[in-house]
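Input: a single structure, listed below in structure tokens.
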Amino acid sequence: MKTAVIIALLAVFLLVTLLAGIYLWWSLSDVDISLHGLLAMTLGSVLSLALGGGLMFLVFYSNRRGHDDEHHRGPLN
């Protein structure tokens with residue numbers, strides 16, 4: 001039950017964020033963006049998401065393989 005409430009709350013946050021983004025995008029109709037600008041914005045967004053996902057993968061991979069255990073113990077343990 002608790003998990004379902006959390007998932008529902010996150011889904012609502014996602015929906016509100018998407019609707020706010022769409023509203024803001026449409027309210028900027030006076031601003032002209034060229035094809036090159038749209039391409040640069042799209043590539044920047046995709047590459048940023050890929051970089052973030054790749055770094056999170058490396059954090060979880062390193063943690064599960066035990067690569068960080070020695071550094072967390074410290075010199076006195």
Side-chain angles (χ1 to χ4, degrees):
M1 177 67 177
K2 187 175 180 180
T3 304
V5 171
I6 291 172
I7 291 173
L9 186 63
L10 289 173
V12 168
F13 284 149
L14 178 64
L15 182 64
V16 168
T17 304
L18 286 173
L19 290 175
I22 291 170
Y23 171 75
L24 289 172
W25 184 267
W26 285 343
S27 68
L28 295 173
S29 63
D30 295 340
V31 177
D32 291 328
I33 300 176
S34 68
L35 178 63
H36 290 94
L38 287 174
L39 182 63
M41 189 168 44
T42 302
L43 284 175
S45 299
V46 169
L47 289 175
S48 295
L49 285 172
L51 178 64
L55 290 173
M56 288 303 299
F57 167 76
L58 288 175
V59 167
F60 286 115
Y61 180 79
S62 175
N63 185 33
R64 290 191 182 229
R65 296 290 181 172
H67 295 295
D68 300 331
D69 292 343
E70 184 178 329
H71 298 287
H72 287 292
R73 276 183 274 174
L76 302 176
N77 292 338

Side-chain donor-acceptor pairs under 3.5 Å in residues 57-66, sequence neighbours left out?
residue : atom : partner : partner atom : Å
S62     : OG   : D68     : OD1          : 3.1
S62     : OG   : D68     : OD2          : 3.1

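In this structure, CG on L28 lies 7.0 Å from CG on L24, to the nearest 0.5 angstrom. The OG1 atom of T17 sits 11.0 Å away from atom CD1 of I22, with the distance rounded to the nearest 0.5 Å.
Applying the side chain to side chain donor-acceptor pair (under 3.5 Å) test to every pair with at least one member in residues 31-57, sequence neighbours left out, gives no pairs at all.
Closest approach of L38 and I33 over heavy atoms only: N-CG2, 3.6 Å.
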Q | Pair L10-I6, side chain to side chain contact (heavy atoms under 4.5 Å, CB included): steps then yes or no | A | CA-CA 6 Å; L10 289 173; I6 291 172; 4.1 Å; yes

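Cluster membership check: W26 shares its hydrophobic cluster with M41, using side-chain heavy-atom separations under 4.5 Å among Ile, Leu, Val, Met, Phe, Trp and Tyr.
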